[in-house]
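As the structure is a prediction and not an experimental result, all values here were calculated from the model.
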Amino acid sequence: MQLQQLFDFLHAGVTPFHAVAHAASLLDAAGFTRLEEADYWNLEPGRGYYTTRNNSSIIAWRVPDHAIGGWRVTASHSDSPTWRIKNTAVTSAGCTRLNVEGYGGMNMATWLDRPLSIAGRVLVRTEDGLESRLVDLDRDLVVIPSLAIHMDRTVNDGHKYNPQVDMQPLYGPEGCRPLPALLAEALGVAEEEMVDYDLTLYTRQVPTAIGPAGEYFMAPRIDDLECAATTLFGFLSAADATDSACAPVWAMFDNEEVGSGTRQGAASVFLRDVLDRIYDAVPHSAQGMQRALANSFVLSADNAHATHPNFADKADPANPVRLGGGLVLKINASQKYTTNALSGAVVKEICRLADVKVQQFANRADLPGGSTLGNLQSHTLPVPMADIGLAQLGMHSAVETAAVSDADAMVRAVDAFYRTHLRCLGDGRYTLEAAQ
């Protein structure tokens, strides 16, 4: 993997819509064919395909040369905490503000006093009906200004942020050119042709390497576009995998940061719908789908917390996670992460065969952590699954930090995952063979 490829993915994915569009462009370049859910699917052996839902989730796959004997799936998510625009013209103290609402749980302070832009999708009225179009104003446009310390002398003692008061962005002076006019100009349409929109703020900081030898990098949206990008790179690099009966699948879902409970989220039937349609479109035998599911495996890829060098006591001392320590295998006794001894052993063995380092993340017993998409996806796809990720600092900040070498480790691990001949010999018994 070239680091710039990852940087390009992070920089392009300013919204889930843009992340999906960028992923689709990489799949197009690799020879994959786009399919629409509303169309009839005619699938050919040896070909690659992808489909999208809501323009913010995407699933890609290759049809094997023989009857499908199992699914190999990696799943990540396209969304990150941000601010969604509800109203574009609120005046106060001679200024025009935008009215926003928080999406996902973020460190609010990190969004203050930095140049922000606006992106998303706009529904446009055309001669043929309604059409969804991407928009990215891609300029330093708004700011969420903090209150001067002179007016809040206790701010450094801890401030409780009220998003309705503290986090409303400054757009311009009262009477300035309104945001809809900028959107219409960017899209090349008349304002009256814009019917509705999904717009969010985003941080414009360009991904950059830091450290004495560029060991780390900083960027917005590392959680979870780093996993989305690196699993896609691993999926594409395994195009010549020789397991002719395995159907490799790559998925990136929206709305993980708000619970995944949408038609395009991991808790939906999107992935199962796609797998069922793939299976219906290829020759199969009775009970074939059930047998394929029993011989399947899913990697739920979402980033993990590195042990913070300034707050090491916040991490489980028996399970330290280091930047640059390789793939992270995530465990949780309450099954917020799906990894168990069986699925964890499979991941560890694949990584051993691929010479990829593995480290384990677990929360402190007295400090509950978050969850991810794996346990929700298992509601509709009950197959063995493990939660993996890459170590990072500053999760859910406007700009986050991770290690360069870990991104490469994920690409190699996912490439090995798709190449490995993994067969379920019975409940709790697997055979693994590294494929070239």
Q: So does G326 get a backbone contact from the side chain of D406, meaning a donor-acceptor N/O pair under 3.5 Å?
A: yes
Q: So which atom in G259 and which in L376 form the shortest heavy-atom distance, rounded to 0.1 Å?
A: O-CD1, 3.3 Å
Q: Would a distance-only check, ignoring hydrogens and angles, find a side-chain to backbone donor-acceptor pair under 3.5 Å from E400 to I222?
A: yes
Q: For Q168 and P163, indicate whether the former's side chain and the latter's backbone hold a donor-acceptor pair under 3.5 Å.
A: yes
Q: Can you tell me if T82 uses its side chain to pair, donor with acceptor, with the backbone of L201 under 3.5 Å?
A: yes
Q: Would you indicate whether D427, at its atom CG, is surrounded by more than 12 heavy atoms from other residues, nucleotides or ligands within a distance under 6.0 Å?
A: no
Q: Answer with yes or no whether the side chains of D415 and S237 bring together a donor and an acceptor at under 3.5 Å.
A: yes
Q: Donor-acceptor check, side chain of T126 to backbone of G129, threshold 3.5 angstrom: yes or no?
A: yes
Q: Which pair of heavy atoms, one from T338 and one from G374, lies closest together, and at what distance?
A: CG2-C, 3.5 Å
Q: Please tell me whether F9 and H11 form a close aromatic pair, meaning their ring centres lie under 6.0 Å apart.
A: no
Q: So, does D79 use its side chain to make a donor-acceptor pair with the main chain of E257 at under 3.5 Å?
A: yes
Q: Among K330, Q360, Q359, which residue satisfies the side chain to side chain donor-acceptor pair (under 3.5 Å) criterion with N319?
A: Q360
Q: Are R62 and F235 in a cation-pi contact, defined as NZ or CZ under 6.0 Å from the six-membered ring centre and within 45° of the axis?
A: yes
Q: Using only heavy-atom distances, determine whether the side chains of T88 and Y171 contain a donor-acceptor pair under 3.5 Å.
A: no
Q: Of the non-hydrogen atoms in G324 and S405, which two are nearest, and what is the gap between them?
A: CA-OG, 3.5 Å
Q: Quick check, are the ring centers of W71 and W250 under 6.0 angstrom apart?
A: no
Q: Given 3.5 Å as the limit, does a donor-acceptor pair link the side chain of S268 with the main chain of R263, or not?
A: yes
Q: How far apart are the closest heavy atoms of H159 and D166, and which atoms are they?
A: NE2-OD1, 3.2 Å
Q: Carefully, step by step, assess R177 and E185 under the rule salt bridge (charged side-chain N to carboxylate O under 4.0 Å, His left out).
A: CA-CA 12 Å; R177 192 180 184 198; E185 181 180 64; 3.5 Å; yes
Q: Would the number of heavy atoms belonging to other residues, nucleotides or ligands and lying under 6.0 Å from NZ of K86 be above 12?
A: yes
Q: Under 3.5 Å, is there a donor on one side chain and an acceptor on the other for Q335 and N375?
A: no
Q: Only pairs at least two apart or in different chains count here, so list each salt bridge (Lys or Arg N to Asp or Glu O under 4.0 Å) that has a residue in residues 351-379.
A: E349-R352, R364-D366
Q: Just checking, any donor-acceptor pair under 3.5 angstrom between side chains of Q377 and T380?
A: yes
Q: Pick from W41, Y418, Y279: which one makes a ring pair (Phe, Tyr, Trp, His ring centres under 6.0 Å) with W61?
A: W41
Q: Return yes if a side-chain donor-acceptor contact under 3.5 Å exists between D113 and S146, otherwise no.
A: yes
Q: Between Q392 and D223, is there a side-chain donor-acceptor contact under 3.5 Å, judged purely by atom types and distance?
A: no
Q: Are any of the side-chain nitrogens in D273 or R53 under 4.0 Å away from the carboxylate oxygens of its partner?
A: yes
Q: Ignoring hydrogens and geometry beyond distance, is a side-chain donor-acceptor pair present between T52 and R34 at under 3.5 Å?
A: yes
Q: Would you say T200 and W83 are linked by a side-chain donor-acceptor pair, where the criterion is simply a distance under 3.5 Å?
A: no
Q: If only side-chain N and O atoms count, and only distance matters, is there a donor-acceptor pair under 3.5 Å linking H77 with D302?
A: yes
Q: Check whether R97 reaches the backbone of P169 with its side chain - one donor and one acceptor, N or O, closer than 3.5 Å.
A: no
Q: Does the side chain of N340 come under 3.5 Å of the side chain of S343 through a donor N or O and an acceptor N or O?
A: yes
Q: Do the two ring centres, one from F32 and one from Y49, sit under 6.0 Å apart?
A: no
Q: Apply side-chain hydrogen bond (donor to acceptor under 3.5 Å, both in side chains) to residues R121 and N54 and explain how you reach the verdict.
A: CA-CA 11 Å; R121 69 172 174 181; N54 191 52; 2.9 Å; yes
Q: Determine whether a donor-acceptor pair (N or O, by modelled atom type, separation under 3.5 Å) exists between the side chain of S78 and the backbone of S57.
A: no
Q: Which atom pair, heavy atoms only, marks the closest approach of L323 to A391?
A: CD2-O, 3.5 Å
Q: Suppose the criterion is ring pair (Phe, Tyr, Trp, His ring centres under 6.0 Å): which pairs have a residue in residues 194-219, not counting sequence neighbours?
A: F7-F217
Q: Please report the interatomic distance CD1(I388) to CZ(F417), rounded to the nearest 0.5 Å.
A: 8.0 Å
Q: So, for L393 and T307, which heavy atoms are closest and what is the spacing to 0.1 Å?
A: CD2-O, 4.1 Å
Q: Side chains of D387 and S300: is there a donor and an acceptor less than 3.5 Å apart?
A: yes
Q: Just how far is it from atom CG of N255 to atom OG of S56, taken to the nearest 0.5 Å?
A: 6.0 Å
Q: Got a donor-acceptor contact below 3.5 angstrom from the T154 side chain to the D157 backbone?
A: no
